[in-house]
There are 2 protein chains.
Amino acid sequence: MYLELRHLRSFLAIDETGSLARAAERLHLTQSALSHQVKALENYYGTPLFLRSTKPLRLTPAGRKLLELARHVLPGVEQVEGELQRVARGRAGRLHISIECHACFEWLLPLLDRYREQWPEVEVDIRLGVSFDPIPALQNGTLDLVISSDPVAGNDLVFEPLFAYQALLVLARGHKLTKKDRVEAGDLADQTLITYPVERKRLEVFSRFLQPAGVEPAFVRQVELTAIILQLVAGRRGVAVLPDWVVREPVRQQRLAVRALGASGLFGTLYAAVRSLDRSVAYMDAFIRLARDAAGSGNGVVTG
Amino acid sequence: MYLELRHLRSFLAIDETGSLARAAERLHLTQSALSHQVKALENYYGTPLFLRSTKPLRLTPAGRKLLELARHVLPGVEQVEGELQRVARGRAGRLHISIECHACFEWLLPLLDRYREQWPEVEVDIRLGVSFDPIPALQNGTLDLVISSDPVAGNDLVFEPLFAYQALLVLARGHKLTKKDRVEAGDLADQTLITYPVERKRLEVFSRFLQPAGVEPAFVRQVELTAIILQLVAGRRGVAVLPDWVVREPVRQQRLAVRALGASGLFGTLYAAVRSLDRSVAYMDAFIRLARDAAGSGNGVVTG
DNA sequence: GATACATAATGAATACGTTTCATCATTATT
DNA sequence: AATAATGATGAAACGTATTCATTATGTATC
């Protein structure tokens, strides 16, 4: 275990220039250095690598094996070095995102389309496998960014606020609760509540609205896709609590009605959590800015 | 251009052991050395390669690129190093052979079959492209061994005698020249001579027999394959001059007759020419021994 | 939450190996 | 045969990877 890339680079140069002297020039070394280097290798392997008796220096079969190795290895090395340079400049890198809130797909997917165009060298992906416990995954490097609505302490992470939202009760047109301006927890006791299929503690309806009031809905139905939830609500199969940005459009088209939750409404803020180290990386910063813009262009707070 | 294989080997060890301390042990280094090494790389590329905040040390995406490079590169390096070790021990290598004498295929091909079995790691090949001027090709490394019947000076090459042979005039049974015990050059003046399609100076009939006597055959016909030449001679289309080992069998079966050339017969010796450097290499020596054995087991001199 | 343990980071000193320098030997070219 | 050009060689210089000794940090354990 002695061979180094230096040797392979020398071999390539010697072969391409056909002489130690010219190769040395190209490598910014002296002819002597190369001569010593080759000799050391020949010594180490116990077999000649060059035929010295000919004038355009020629390789022995053993030497040719090293040359082939150089040709096989060095391009890959150069490519990776180039990539690392771009990573250092923040042009390239990995952006594996996890979302705690199911509804975020709504604005995240179109955003990623635009992002990919501007940052083609960033490997963007949404990782659903770790969505149950994303913060440790972010800390240990499995993830690079987490969309979350509750910041946690820890100085190795930063939570960048993206935009505020309001959780709204979504109702079919003419639903009896549309008669009330503000809906209280008790109003849901006789309702079917449609939620995403995740733990209750991760659903704000429960953690911040129903559980504090000790209310349990008549029935809870779990549905994966936002579009289906909206269909079911419109079809009077139940009610749902969703962030404002999801229901803005159907409400505008008068396909659905919404009501604020509680006396003052249920508000929250969406954050992008990243490792402190990564915060200043160009492609990270760009993503956060883009996400904030996404809010500005239509996901404003609906004040009920 | 700073990365070295050492760094890749370190990366692999660190990733596989999950800690600098254990990796250092495996690499016969201190933990400190590895720490410095990693830090130098991070410094050089301007980007972190490991996440320090976690206990099983984890790679950043940039670090993972280096690890992938290591996984891609190191197996190839190890393999080539292994091959070079075997080359040094004379177990592996290249044996590109050129034959000056066309008739040598007769004993060379079966010999190579046996040789390949015993030396599977040697790349054996017969190179016909350089047969017109094989000695310089041997000197500059294009060839590794030349079967030749005339040694030339030069201390970078050695000519190892393989076996002696006699050039014999091959005749059809009952041909008029079979009446003579010894055939002189003049006897061929009215004959059709069948030769291999090579320059006259490389044909011993001409260079050592006809030209010294100033005799030209009535007609010269060039044929590539030995078997065809023998057929044509048997069919009375002409006569040929071939080494004894080629005609031993047809003569024994009384399908052809042979006569010595000149008063004392035309004898020669076949040599294996190799670079002096290669002479002691195990697989070269083995080939030469095998070729000599081939002579002993049937290619003895026919004394006319 | 404090303590002990393991592991990594750091700075200075050392040791090692590569490179240079100066020179000689060899090989092509005229 | 003479002369460039190129490669080989040995000793010295240089740079840098490694070690040593120590501190800092983080992880388990009580």
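The chains referred to below are lettered A, B, ... by the order of the sequence lines, with proteins before strands, and numbering in each begins at 1. Quick note: numbers below take in every heavy atom, side chains included, and nothing from hydrogens, waters or symmetry partners.
- What separates CZ of A/R58 from P of D/dT6 is a distance of 19 Å, to the nearest Å.
- Side-chain polar atoms of B/E81 and A/Y45 form a donor-acceptor pair below 3.5 angstrom.
- In this structure, the CG atom of B/L41 is 14 Å from the P atom of D/dT16, given to the nearest Å.
- For an aromatic pair to be called close, the ring centres must be under 6.0 Å apart, and A/F163 with A/Y271 fails this.
- Residue-to-nucleotide contacts include a donor-acceptor pair under 3.5 Å from the side chain of B/H36 to the base of D/dT19.
- Between A/F267 and A/Y165, the ring centre distance reaches or exceeds 6.0 Å.
- Taking atom CG of residue B/N43 and atom P of nucleotide C/dT10, one finds them 10 Å apart after rounding to whole Å.
- Distances from the side chain of A/Q37 to the nucleotides C/dA8, D/dG7, C/dT19 place C/dT19 closest.
- Counting only heavy atoms from C-beta outward, the side chains of A/L8 and A/L69 approach each other to under 4.5 Å.
- Contact check, B/Y2 against D/dG15: no side-chain N or O comes under 4.0 Å of OP1 or OP2.
- Between B/S19 and C/dA8 there is a side-chain polar atom (N or O) within less than 4.0 angstrom of OP1 or OP2.
- Rounded to a whole Å, the CZ atom of B/F50 is 14 Å from the C1' atom of C/dA9.
- A/E25 has its CD atom 12 Å from the P atom of D/dG7, to the nearest Å.
- Within the 4.5 Å cutoff, the side chain of A/L41 has heavy atoms near those of the A/L3 side chain.
- In the displayed structure, A/E121 atom CD is contacted under 6.0 Å by more than 12 heavy atoms of other residues, nucleotides or ligands.
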Intermediate values then yes/no, side-chain contact (heavy atoms from CB on, under 4.5 Å), A/R58 and B/T142 = CA-CA 9 Å; A/R58 284 185 67 99; B/T142 307; 3.6 Å; yes

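- Atom P of nucleotide D/dA8 and atom CG of A/L51 are separated by 12 Å, given to the nearest angstrom.
- Nearest nucleotide to the side chain of B/R6, out of D/dT6, D/dG10, D/dT18: D/dT18.
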Counting primed atoms, P, OP1 and OP2 as sugar-phosphate and everything else as base, the B/S/- map of nucleotides 24-30 of chain C against protein heavy atoms under 4.0 Å is ----S--

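- Across A/L270 and A/S149, no two heavy atoms sit closer than the pair CD1-CB, 3.9 Å.
- Between A/L5 atom CG and C/dT18 atom P the separation is 14 Å, expressed in whole Å.
- Within 6.0 Å of atom CD in B/E25, 12 or fewer heavy atoms from other residues, nucleotides or ligands are found, so the atom counts as exposed in its surroundings.
- In this model, the phosphate group of C/dT10 is approached by a side-chain N or O of B/K39 to a distance below 4.0 Å at OP1 or OP2.
- For A/R22, a side-chain nitrogen or oxygen approaches OP1 or OP2 of D/dT6 to under 4.0 Å.
- Between the CD atom of B/E42 and the C1' atom of C/dA8 there is a distance of 12 Å, rounded to whole Å.
- For DNA chain C, the residues of residues 27-34 of chain B within the heavy-atom distance limit of 4.0 Å (strictly under) are B/Q31, B/S32, sorted by number.
- With contacts defined as side-chain heavy-atom distances shorter than 4.5 Å, the pair B/R71/B/D15 qualifies.
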